[in-house]
Q: 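To start, I am sharing the structure in question, which I have written as structure tokens.
All values derive from a computational prediction rather than experimental measurement. All values below come from the heavy atoms of this structure, side chains included, with hydrogens, waters and symmetry mates left out.
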Amino acid sequence: VARFAGAGPLGVYALAVAALEFAQSGAVVRAQRILAERDPDAIQDQSRAVVRTALPVASLAVIGLAALGLLAPDYGQAWIFGLLLLPGTLALSAGKTWSAALLKRSGERATTAVALVTMSVSVVLYFLLIPWAGAIGAALASSMAYGVYAFRTRQSLQRSSHLLLNRMA
């Protein structure tokens, strides 16, 4: 981002990323509980509750970024970055809970496979969008990458559940 848009937009983008990370705190706690669960079959999908908790926090973060932009004009685009990151943040929150369940059920190979797909998509998106749209491109690419992560994690978790059921039959 700094190369294509400059250090200022990079700093504002980084602030938006940090502000939206607070919305993921419930997902982190839920993931820790999933990993602490001794019986993988007892794990319930709490992703909806995690997203319902993350949404107001993420919305407040975007409002806070907008207020900051009013107080300090150099941060005027922070709320736009936050708004672009919001869908990805919600997807990432759900994805963290699914990832913990996937790790518990299928091990490191399954979560590593998701990470490799997500990383590959991220690199392509960043190379395409950042030179074209600067920090806004970074926010779009990040949000889309978070969505890919959540989708692939959920897909892998469903596949592992079907395999587990087939093994038990």
Side-chain angles (χ1 to χ4, degrees), residues 1-37 40 43 45-48 50-51 53-55 57-58 61-62 65 77-78 80-164:
V1 173
R3 179 177 181 174
F4 294 102
L10 172 61
V12 175
Y13 169 71
L15 176 67
V17 170
L20 273 287
E21 283 182 2
F22 286 107
Q24 301 168 32
S25 59
V28 171
V29 171
R30 181 64 192 142
Q32 290 171 347
R33 288 182 180 159
I34 289 169
L35 294 172
E37 177 62 53
I43 297 170
D45 184 2
Q46 297 290 320
S47 59
R48 287 187 182 159
V50 166
V51 171
T53 303
L55 180 59
V57 177
V62 172
L65 291 168
Q77 284 195 313
I80 296 170
F81 301 148
L83 194 61
L84 293 172
L85 288 164
L86 194 138
T89 296
L90 299 178
L92 188 57
S93 294
K96 285 182 179 185
T97 63
W98 295 330
S99 185
L102 180 62
L103 178 63
K104 194 75 172 179
R105 287 187 182 158
S106 300
E108 290 86 2
R109 281 189 180 190
T111 54
T112 300
V114 170
L116 290 172
V117 168
T118 303
M119 181 189 66
S120 300
V121 169
S122 298
V123 168
V124 170
L125 288 171
Y126 288 136
F127 275 111
L128 289 175
L129 295 177
I130 292 173
W132 175 67
I136 287 177
L140 286 169
S142 294
S143 203
M144 287 188 273
Y146 298 158
V148 167
Y149 162 77
F151 176 77
R152 289 293 298 143
T153 302
R154 179 68 176 167
Q155 195 176 45
S156 296
L157 182 61
Q158 287 175 331
R159 197 173 302 132
S160 74
S161 297
H162 292 304
L163 291 174
L164 185 65

Q: Do Phe81 and Ile136 have side chains that get closer than 4.5 Å, going by heavy atoms?
A: yes

Q: For Ser93 and Ala27, work out which heavy atoms get closest and say how close.
A: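 Looks like O-CB, 3.2 Å.
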
Q: Which pair of non-hydrogen atoms, one from Ser106 and one from Ser160, has the smallest distance, and what is that distance?
A: OG-CB, 2.9 Å

Q: Rounded to the nearest 0.5 Å, what's the gap from CG on Leu10 to OH on Tyr13? Could you check?
A: 9.0 Å

Q: Is a donor on one side and an acceptor on the other found under 3.5 Å between the side chain of Ser143 and the backbone of Gly88?
A: yes

Q: Using side chain to side chain contact (heavy atoms under 4.5 Å, CB included), reason through Leu65 and Leu20 one step at a time and then give a plain yes or no.
A: CA-CA 10 Å; Leu65 291 168; Leu20 273 287; 4.1 Å; yes

Q: Answer whether the closest heavy-atom distance between the side chains of Ser156 and Val114 falls below 4.5 Å.
A: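 A side-chain contact exists here, since the closest heavy-atom pair is under 4.5 Å.
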
Q: On a heavy-atom basis, which atom in Thr89 and which in Gln24 lie closest, and how many Å separate them?
A: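 So the minimum-distance heavy-atom pair works out to CG2-NE2, 3.8 Å.
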
Q: Within the 4.5 Å heavy-atom criterion, are Leu140 and Leu85 side-chain neighbours or not?
A: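 No, every pair of side-chain atoms sits at 4.5 Å or beyond.
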
Q: Can you measure from CG (Leu125) to OG1 (Thr118) and round to the nearest 0.5 angstrom?
A: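 Result: 10.5 Å between the selected atoms.
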
Q: Just how far is it from atom CH2 of Trp98 to atom CG of Leu92, taken to the nearest 0.5 Å?
A: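 With rounding to 0.5 Å, CH2 (Trp98) is 11.0 Å from CG (Leu92).
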
Q: To the nearest 0.5 Å, tell me how far Gln46 CD sits from Arg33 CZ.
A: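 That separation rounds to 9.5 Å.
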
Q: Under the salt bridge (Lys or Arg N to Asp or Glu O under 4.0 Å) definition, can you give me all pairs with a residue in residues 10-26, not counting sequence neighbours?
A: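 For residues 10-26: none.
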
Q: What are the two closest non-hydrogen atoms of Glu108 and Leu103, and how far apart are they?
A: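 Nearest heavy atoms, Glu108 then Leu103: N-CD1, 3.8 Å.
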
Q: Rounded to the nearest 0.5 Å, what separation is found between the CG atom of Leu102 and the CZ atom of Arg109?
A: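 Between atom CG of Leu102 and atom CZ of Arg109 there are 13.5 Å.
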
Q: If you look only at distance, which donor and acceptor atoms sit under 3.5 Å apart when one is on a side chain in residues 144-154 and the other is two or more places apart or in another chain?
A:
unit_1 : atom_1 : unit_2 : atom_2 : d
Tyr149 : OH     : Gly95  : O      : 3.3
Tyr149 : OH     : Ser99  : OG     : 3.4
Arg152 : NH1    : Gln155 : OE1    : 2.2
Thr153 : OG1    : Tyr149 : O      : 2.6
Arg154 : NH1    : Asp45  : OD2    : 3.1

Q: I need the minimum non-hydrogen distance between Lys104 and Leu35, along with the two atoms involved.
A: NZ-O, 2.9 Å

Q: Taking only residues at least two apart or on different chains, which pairs with a member in residues 119-131 satisfy side-chain hydrogen bond (donor to acceptor under 3.5 Å, both in side chains)?
A: Tyr126-Ser142

Q: Please name the pair of heavy atoms, one in Val57 and one in Ala23, separated by the smallest distance, quoted to 0.1 Å.
A: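 What the structure gives for the nearest pair is CG1-CA, 3.5 Å.
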
